[in-house]
Amino acid sequence: EYGKQWYQRRVRGKSIHEEYDSYIIVSFVNATLVLSIGETVEEVTDSGFLGTTPTLSCSSIGNDALLQIYPDGIRHIRSDRRINEWKTPGKKYIVKCAVNQRQVVIALTGGELVYFEMDQTGQLNEYTERKDMNSEVICMALPRVPPGEQRARFLAVGLADETVRIISLDTSDCLSPLSTQALPARPESLCIVEMGQQEEGGASSSTMFLNIGLSIGVLTRTVMDTVTGELSDTRTRYLGTRAVKLFRIPVHGVDAVLAISSRTWLSYFYQSRFHLSPLSYDTLEYACGFSSEQCTQGVVAISTNTLRILALEKLGAVFNQVTMPLKYTPRKFVIDEESSNMILIETDHNTFTENSKNQRKQQIAEEMVETADDESKMEAAKLAEQFLSEDLPEETFSSPKAGNGMWASQIRILSPIKQETLEIIKFEQNEAAFSICVCQFNNSPVPGLTYIVVGTSRDLSLAPRQCSGGFLYTYRLVDDGSHMELVHKTPVDDVPTALCPFQGRLLVGVGKLLRIYDLGKKKLLRKCENKHIPNLIVGIKCTGNRILASDNQESIHFVKYKAGENSLVAFADDTFPRWVTQATMLDYYTAAVGDKFGNLAVLRLPQDSKDNVEDDPTGNKAIWDRGLLNGASQKLDMINMFHIGESVTYLELATLIPGGNEARVYTTLSGTIGMFVPFTSREDIDFFQHLEMHMRNEAPPLCGRDHLSYRSSYIPVKATIDGDLCEQYNSLDPSKRKAIADELDRSPSEVSKKLEDMRTTYAF
């Protein structure tokens, strides 16, 4: 461990011909520590580095030399142990520096730049003139020396006047300004990298980017012209609350940028696309590329007071995941907001509970002994005892099949932060949990007490669907949300497939009945119900007095609760028989629906719709006043329609990035996580519509199926653009990208920027 007085540290090798790094340099406020890399990491004192002063930068330079820059000068360590030193003039000292394989630029106090370049003999020579920037230098960056050339042509300098200036290092106009970019805040760090290397016409080409980390936690990436040094195509991204520090590191043999703020991010080019992904790791303070026999491409970093070596894995992955094994298939879960614990229900069909397994094993063992004849009873008893003592792992040998109509289920309280199970509540054989919700009741004896309600069925048969009854278990959370205590158990006459808190009470879908329950002393008390849902309620959502009830075959129904009459009235439904798996409210008038055939739709109430309809309280309504198609009197309008090809298992409005906008996030049966984002301008709609049209022609599906036909497999696609298809634009040949961009009256970089902006505004 290292104390908090460190300033920064670097990694470098002895020679450019060596495959691995030789030293780790850790700089403190008043000293420098040199660690040698081998089978172990050990401190050395004969490296040639000055250890009594802090180090601003150190690296290998030229073919076989080392360079140390410290506040009072530059130390050039040759391969034959000769040391050349350059001292700062007068009372000035070095505040910032930038180094590559052959060039060194330092900034002295007062904003004066001094430029050094290595000649053919390996000697560092100072350029005769110096550059006064007329402002304090905050940061500097040099690109790598291009192959076959003697020097990099540009230097980027970040100044206290909130600008970044590009300075020429060419011999014809050395240290002359080329371009300037104004910034919204002070630059904290600069990094110049070449990324996006692609083969074009038999030659490889890449783009030079100037990455600017600002003091307000924003990363800016700007394209730098490799001939003129002009800056263009600026893109920004908010990374965190702290000033952004940038470090160039190798990833898969090419340069990438590690950006450190309150979170650590990695900017890299992978599979023909730029990625900016957060690292699932502790907050870092400083980092640098690292290479050794054990870790060929890693990162050495400082976090709090420790020095750590990291390896970057799973490039291109959007989400980080941690797998936790469960006993049965997870069906649903809820989160207790106070403790952040997850309460999930696990249910499996054709499965024995642990007690049933033991009873069945005991029964088989007894049968083995009973069926044996008198001569072999002793041997059968031994075999039965051996059978009972065997414990074969189910992960390897699978679990015994119990048969149709046999269910096993349990409730698990899980701490996702600690990744441990806090409590398990098991149900009896053939009692299966299908619904769960967190609820607070208005008439609770303790105001604000959180209850967990779980809906279970008894002896459920799937085909035909029938059961002997169901129960609503009401638990209260105790011990800071780590345990549950049973309050009471309420019997119901069908499967409680959906639960939802509603105005201090509980909405329950019991088969095709929609009911409202309230808390009682010995059980939940039924207050009112609606019997007009056709088949089976599979989901309930609510906003205000409006309730969204999903039927498993007949789409969704808008229901209003009339408090004065204590009644639930369905006032609008759909004209299309959707087999709904998930539905959610987008606003007071709009709902999103996903079905088992892989369709996602957005349905909205008509503008002239009213929810103050009556449910024929007198019983003398004429038959033609009872609504349309034997349903509600008002029908929903379909706003959007899109076929994703996989059964939808979850659908919700969510924000995936800090400060981002809400989008529709969905998950599917095969493990896909996707999202639908809204367009905010007519210009964006026109642009992406035309881009999708061109991509249908230029990037047809591999199997030859028409794209428009596929996205309209069940219902014609409506008012939705295929973002997956548009994202393939960056994977096309450069000639095709250029042709499509010309048709759109834009450049290829502008099209790519439009795609990236749409993606990063909502997700990643």
Side-chain angles (χ1 to χ4, degrees), residues 327-328 330-334 336 341-349 351-356 405-414 421-446 448-461 465-479 481-502 504-529 536-538 540:
K327 182 70 176 176
Y328 308 120
R331 301 289 175 168
K332 293 180 181 178
F333 71 85
V334 293
D336 175 34
N341 290 335
M342 293 172 54
I343 301 99
L344 58 92
I345 51 176
E346 307 170 30
T347 302
D348 267 343
H349 185 227
T351 305
F352 286 115
T353 63
E354 287 297 326
N355 289 338
S356 298
M406 301 289 284
W407 296 83
S409 185
Q410 65 182 24
I411 306 173
R412 184 189 299 264
I413 301 180
L414 196 67
T421 298
L422 303 177
E423 186 182 21
I424 292 178
I425 300 174
K426 297 181 180 181
F427 292 107
E428 297 178 358
Q429 182 74 53
N430 293 354
E431 189 170 0
F434 287 102
S435 56
I436 185 171
C437 81
V438 179
C439 188
Q440 291 185 348
F441 293 98
N442 287 340
N443 62 347
S444 170
V446 181
L449 187 63
T450 300
Y451 292 87
I452 306 295
V453 182
V454 179
T456 68
S457 69
R458 185 75 183 169
D459 302 323
L460 175 64
S461 175
R465 187 179 61 83
Q466 58 187 15
C467 68
S468 62
F471 298 98
L472 294 173
Y473 288 84
T474 305
Y475 298 91
R476 61 168 166 255
L477 290 171
V478 295
D479 297 337
S482 61
H483 294 84
M484 293 198 305
E485 182 181 277
L486 180 63
V487 178
H488 47 58
K489 176 179 174 182
T490 307
V492 291
D493 48 8
D494 207 337
V495 185
T497 50
L499 304 174
C500 180
F502 177 70
R505 295 196 280 186
L506 181 67
L507 275 167
V508 183
V510 182
K512 61 180 183 179
L513 305 176
L514 181 64
R515 294 175 175 173
I516 292 181
Y517 282 86
D518 208 343
L519 185 67
K521 291 185 177 181
K522 294 186 178 181
K523 66 177 184 178
L524 294 175
L525 307 176
R526 185 170 66 189
K527 296 300 182 181
C528 68
E529 72 177 12
L536 176 68
I537 298 173
V538 293
I540 302 173

**Student:** Would you compute the distance between atom CG of Leu460 and atom CD of Gln466 and round it to the nearest 0.5 angstrom?
**Tutor:**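 Separation between the atoms: 9.0 Å.
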**Student:** Excluding sequence neighbours, so at least two apart, what forms side chain to side chain contact (heavy atoms under 4.5 Å, CB included) with Cys500?
**Tutor:**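 By the side chain to side chain contact (heavy atoms under 4.5 Å, CB included) rule, Cys500 matches Leu507, Ile540, Cys542.
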**Student:** Tell me, with the steps shown, if Asp348 and Arg331 meet side chain to side chain contact (heavy atoms under 4.5 Å, CB included).
**Tutor:** CA-CA 9 Å; Asp348 267 343; Arg331 301 289 175 168; 4.3 Å; yes
**Student:** What pair of heavy atoms forms the shortest contact from Gly448 to Gln440, and how long is it?
**Tutor:**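 The pair with the smallest heavy-atom distance is O-NE2, 3.3 Å.
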**Student:** May I have the step-by-step check of side chain to side chain contact (heavy atoms under 4.5 Å, CB included) for Phe427 and Phe471, ending in yes or no?
**Tutor:** CA-CA 11 Å; Phe427 292 107; Phe471 298 98; over 6 Å; no
**Student:** Could you go through the side chain to side chain contact (heavy atoms under 4.5 Å, CB included) check for Ile343 and Ile411 one step at a time?
**Tutor:** CA-CA 7 Å; Ile343 301 99; Ile411 306 173; 3.8 Å; yes
**Student:** For Gly405, does its backbone N or O pair with a side-chain atom of His349 as donor and acceptor, under 3.5 Å?
**Tutor:**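 The answer is yes, because a donor-acceptor pair under 3.5 Å joins these two groups.
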**Student:** Residues in side chain to side chain contact (heavy atoms under 4.5 Å, CB included) with Asn430, at least two apart?
**Tutor:**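 Residues passing side chain to side chain contact (heavy atoms under 4.5 Å, CB included) with Asn430: Met406, Asp459.
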**Student:** Show the nearest heavy-atom pair for residues Ala433 and Thr347, with the distance to one decimal.
**Tutor:**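 For Ala433 and Thr347, the tightest heavy-atom pair comes out as O-OG1, 2.6 Å.
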**Student:** If you count the non-hydrogen atoms of other residues, nucleotides and ligands that lie under 6.0 Å from CZ in Phe333, is the total more than 12?
**Tutor:**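 Open.
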**Student:** Take atom CD in Glu428; do more than 12 heavy atoms of anything else shown fall under 6.0 Å from it?
**Tutor:**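 Incorrect, the count does not exceed 12.
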**Student:** For the side chain of Glu485 and the backbone of Leu477, is there at least one donor-acceptor N/O pair under 3.5 Å apart?
**Tutor:**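 Here the side-chain-to-backbone pair does not exist.
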**Student:** Roughly how far, to the nearest 0.5 Å, is CD1 of Ile436 from NZ of Lys332?
**Tutor:**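 Output value for this atom pair is 10.0 Å.
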**Student:** Would you mind reporting whether Asp518 and Leu506 have side-chain heavy atoms less than 4.5 Å apart?
**Tutor:**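 The answer is no; the side chains never approach within 4.5 Å.
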**Student:** Give the minimum heavy-atom separation between Pro496 and Leu472, together with the two atoms involved.
**Tutor:**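 Looks like CB-CD2, 3.8 Å.
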**Student:** With Thr456, which residues qualify under side chain to side chain donor-acceptor pair (under 3.5 Å), at least two apart?
**Tutor:**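 Scan of Thr456 (side chain to side chain donor-acceptor pair (under 3.5 Å), adjacent residues dropped) gives Glu431.
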**Student:** Is the ring pair Tyr451/Phe441 parallel, tilted or perpendicular, if the boundaries are 30 and 60 degrees?
**Tutor:**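 Answer is perpendicular, since the angle exceeds 60°.
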**Student:** Is the side chain of Glu346 donor-acceptor paired with the backbone N or O of Arg412 at a distance under 3.5 Å, no angle test?
**Tutor:**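 Here the side-chain-to-backbone pair does not exist.
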**Student:** What's the separation between atom OG1 in Thr474 and atom NZ in Lys522, rounded to the nearest 0.5 Å?
**Tutor:**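 Answer for the OG1-NZ pair, Thr474 versus Lys522, is 15.5 Å.
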**Student:** Output the distance between atom CD1 (Ile425) and atom OH (Tyr475), rounded to the nearest 0.5 Å.
**Tutor:**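 Spacing of CD1 (Ile425) from OH (Tyr475) equals 4.5 Å.
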**Student:** Quick check for you: to the nearest 0.5 Å, what is the distance between Leu344 atom CG and Leu414 atom CG?
**Tutor:**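 So the CG of Leu344 and the CG of Leu414 are separated by 6.0 Å.
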**Student:** What residues, two or more places apart in sequence or in another chain, satisfy side chain to side chain contact (heavy atoms under 4.5 Å, CB included) together with Glu354?
**Tutor:**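 If we apply the side chain to side chain contact (heavy atoms under 4.5 Å, CB included) test to Glu354, skipping adjacent residues, the hits are Lys327, Lys357, Lys426.
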**Student:** Closest heavy-atom contact between Thr421 and Ile424?
**Tutor:**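 It is CG2-CG1, 3.7 Å.
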**Student:** Calculate, to the nearest 0.5 Å, the distance between atoms CG and CG belonging to Leu519 and Leu449 respectively.
**Tutor:**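 It is 9.0 Å, given to the nearest 0.5 Å.
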**Student:** Does any pair with a residue in residues 491-501 pass salt bridge (Lys or Arg N to Asp or Glu O under 4.0 Å), and if so which ones, sequence neighbours excluded?
**Tutor:**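 Every pair satisfying salt bridge (Lys or Arg N to Asp or Glu O under 4.0 Å) with a residue in residues 491-501: Arg465-Asp494, Asp493-Arg515.
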**Student:** Restricting to non-hydrogen atoms, name the atom on Val495 and the atom on Cys467 that form the minimum distance, rounded to 0.1 Å.
**Tutor:**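 That would be CG2-SG, 3.7 Å.
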**Student:** I need the minimum non-hydrogen distance between Thr353 and Ser356, along with the two atoms involved.
**Tutor:**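 Closest approach of Thr353 to Ser356: OG1-OG, 3.1 Å.
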**Student:** If only atom types and distance count, is the side chain of Thr490 paired as donor or acceptor with the main-chain N or O of Leu524 below 3.5 Å?
**Tutor:**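 Yes: the side chain of Thr490 pairs with the backbone of Leu524.
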**Student:** Output all residues satisfying side chain to side chain contact (heavy atoms under 4.5 Å, CB included) with Lys512, sequence neighbours left out; order by chain, then residue number.
**Tutor:**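 With neighbours one apart ignored, the set is empty.
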